[in-house]
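Report on the following structure.
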Number of protein chains: 2
Amino acid sequence: MTRKRFDDLDCSVACALDQVGDWWSLLVVKEAMLGTRRFVDFQQRLGIAKNILCNRLNRLVDSGVMSKVDAGEHGTRYEYRLTDKGRDLFTVITALRQWSERWNGNRDDLRLVDRVSGHPIRQLHVEGDDGQPLTVRDVRFEETKVGR
Amino acid sequence: MTRKRFDDLDCSVACALDQVGDWWSLLVVKEAMLGTRRFVDFQQRLGIAKNILCNRLNRLVDSGVMSKVDAGEHGTRYEYRLTDKGRDLFTVITALRQWSERWNGNRDDLRLVDRVSGHPIRQLHVEGDDGQPLTVRDVRFEETKVGR
DNA sequence: CCAAAATGGTTGCATGATGAAACCGTCCTG
DNA sequence: CAGGACGGTTTCATCATGCAACCATTTTGG
């Protein structure tokens, strides 16, 4: 059986997971944010199998998260770069990173700092219209179409 | 071969993905945030196979994202509830939802609003020390241990 | 200029994960 | 008391993954 598709769930979260919700995709994107662009570099830094990496890069290109551009002068060297859509995943990856650091401890050897000030970045918070932080208990899920 | 584990990658993002990075886990958490607590309800609302749901719920309980509490008076009825760690994934799920709405269009029939004011919530932004919004190009990844 | 290595893959195989359906013991309900 | 709800477990066919080997082209070192 093929993996169940999430497109039909009428849920933006499911739709997002359909594009970047597998074990490797977000790590590839995160690695790209660190500056990695070449196939071999992704492979070595992540320790991912070549066929899987190939599959993931193709899927990320297909869904518009990354683009494949010629790097060599004559043809078979390429670079994989983030598109705007891919770079916009920065928020998602930062949210994941901060959550993991809060609950699993800091297993990372990297620290994100503002490039100009050198200060660490703020914790992400869901905020209301007035800027007040909101937890999941503070929000309501309004139905806009038909009831469940 | 067993799935490659991400624990050894010395990366908080990888560590997070190890806990909630598969196709179903985040959807189960999102469904729990909508108020779902019973096994059958998760199964029907998500359309997930029972054995997979069972496996995911157990893993989420093991990693401290959800808890399993007796609901029936005499024993074999249970409720699965989010822990504080699980509720804290609200930021991650909101980031994913907003990203998907920005780039894939709004496929959702839900709208998140502040429970008290009724206003929609703000877009999440990574911010610097001073509150200025930062893109991935505005940050630096400082190494705190040994070089790569 | 030639040999060797790098690059970006593809293929085959063994094993693990997934989805669908059937089955099962306990509990509640009419 | 019978039937259904609940929360699973088991079986099986198929798909995904990890690993290693292989390959055509391109670049690089001597």
Side-chain angles (χ1 to χ4, degrees), chain A residues 1-9 14 17-28 31-32 35-63 66-82, chain B residues 1-9 14 17-28 31-32 35-63 66-82:
Chain A
M1 305 294 147
T2 183
R3 212 202 80 237
K4 183 158 264 181
R5 302 263 94 199
F6 289 147
D7 314 60
D8 54 338
L9 274 184
L17 291 174
D18 211 46
Q19 298 182 14
V20 294
D22 73 295
W23 294 107
W24 284 114
S25 295
L26 274 183
L27 279 185
V28 170
E31 196 60 42
T36 303
R37 291 177 179 172
R38 306 297 288 265
F39 188 93
V40 240
D41 292 332
F42 282 110
Q43 204 218 318
Q44 290 174 355
R45 286 164 123 92
L46 292 173
I48 183 176
K50 292 170 78 173
N51 50 353
I52 305 299
L53 174 59
C54 197
N55 176 280
R56 290 304 180 275
L57 286 173
N58 286 334
R59 287 212 298 122
L60 289 170
V61 169
D62 284 346
S63 60
M66 302 191 76
S67 64
K68 181 178 187 175
V69 296
D70 277 8
E73 289 77 0
H74 299 90
T76 77
R77 301 274 149 119
Y78 305 100
E79 283 188 358
Y80 293 90
R81 291 165 177 261
L82 290 171
Chain B
M1 304 294 147
T2 183
R3 212 202 80 236
K4 183 157 265 183
R5 302 263 93 198
F6 289 148
D7 313 60
D8 53 338
L9 273 185
L17 290 175
D18 211 45
Q19 297 182 14
V20 294
D22 73 295
W23 296 106
W24 285 113
S25 296
L26 273 184
L27 279 186
V28 169
E31 197 58 43
T36 304
R37 290 176 181 174
R38 307 296 288 264
F39 188 92
V40 239
D41 293 332
F42 283 110
Q43 204 218 317
Q44 290 175 355
R45 287 164 124 93
L46 292 174
I48 182 177
K50 292 170 78 171
N51 49 354
I52 305 298
L53 175 59
C54 196
N55 176 279
R56 289 305 179 276
L57 286 172
N58 286 334
R59 288 213 296 123
L60 288 171
V61 169
D62 285 346
S63 59
M66 303 190 75
S67 64
K68 181 178 186 175
V69 297
D70 276 9
E73 290 78 359
H74 299 89
T76 76
R77 301 275 151 118
Y78 305 100
E79 282 187 359
Y80 293 89
R81 291 165 176 261
L82 290 171

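Letters go in sequence order (proteins before strands), and every chain restarts at 1.
Atom CG in Asp18(B) sits about 12 Å away from atom P in dA17(C), given to the nearest Å. When rounded to the nearest whole Å, the span between CG of Asp41(B) and C1' of dA5(D) equals 12 Å. Between the P atom of dG19(C) and the CD atom of Gln43(B) lies a distance of 12 Å, rounded to the nearest Å. Whole-Å rounding puts the Asp70(B) CG to dT26(C) C1' distance at 13 Å. Atom CZ in Phe39(A) sits about 15 Å away from atom C1' in dT25(D), given to the nearest Å. Rounded to an integer number of Å, the gap from Tyr78(B) OH to dA5(D) C1' is 15 Å. Counting to the nearest Å, the C1' atom of dA20(C) and the CD1 atom of Ile48(B) are 13 Å from each other. When rounded to the nearest whole Å, the span between CG of Leu46(A) and P of dC19(D) equals 13 Å.
Taken to the nearest 0.5 Å, the CG atom of Leu46(A) stands 10.0 Å off from the CG atom of Asp41(A).
In the helix from dC1(C)-dG30(D) to dG30(C)-dC1(D), the end axes, each obtained as the rotation axis mapping the C1' atoms of four pairs onto the next four within a five-pair block, lie 20° apart to the nearest 10 degrees.
Using a distance-only test at 3.5 Å, with no hydrogens or angles considered, no donor-acceptor pair links the side chain of Asn55(A) to the main chain of Asn51(A). A donor-acceptor pair under 3.5 Å links the side-chain atoms of Asn58(B) to the main chain of Cys54(B), judged by distance alone.
Between Arg77(A) and dG8(C), a side-chain N or O to OP1/OP2 separation shorter than 4.0 Å is absent. Residue Trp23(A) places none of its side-chain N or O atoms closer than 4.0 Å to OP1 or OP2 of dG18(D). In this structure, Lys50(A) does not reach the dC23(D) phosphate: none of its side-chain N or O atoms is under 4.0 Å from OP1 or OP2.
Picking from dG8(D), dG8(C), dC6(D) the nucleotide with the shortest atom distance to the side chain of Lys68(B) gives dG8(D). Distances were taken from every side-chain heavy atom of Asn51(B) (C-beta onward) to each of dT9(D), dC19(D), dG7(D); the shortest belongs to dT9(D). Comparing atom distances between the Tyr80(B) side chain and each of dG8(D), dG8(C), dA21(C) picks out dG8(D) as nearest.
Scanning both residues, Leu82(A) and Met66(A), for their nearest heavy atoms gives CD2-CG, 4.0 Å. Smallest separation of non-hydrogen atoms from Val28(A) and Leu53(A): CG2-CD1, 4.3 Å. For the residue pair Ser25(A) and Gln19(A), the shortest heavy atom distance occurs at OG-O, 4.3 Å. Listed here is the closest heavy atom pair of Arg38(B) and Tyr78(B): NE-O, 3.3 Å.
Within residues 52-62 of chain B, the residues approaching DNA chain C are Ile52(B), Arg56(B), by heavy-atom distance under 4.0 Å.
Considering Arg81(A), Glu31(A), Gln43(A), Gln44(A) as possible partners of Thr36(A), the one that fulfils the side chain to side chain donor-acceptor pair (under 3.5 Å) test is Glu31(A).
In this pair, Phe42(B) and Tyr80(B) present their aromatic rings perpendicular. The plane angle is above 60°, beyond the 30 to 60° band.
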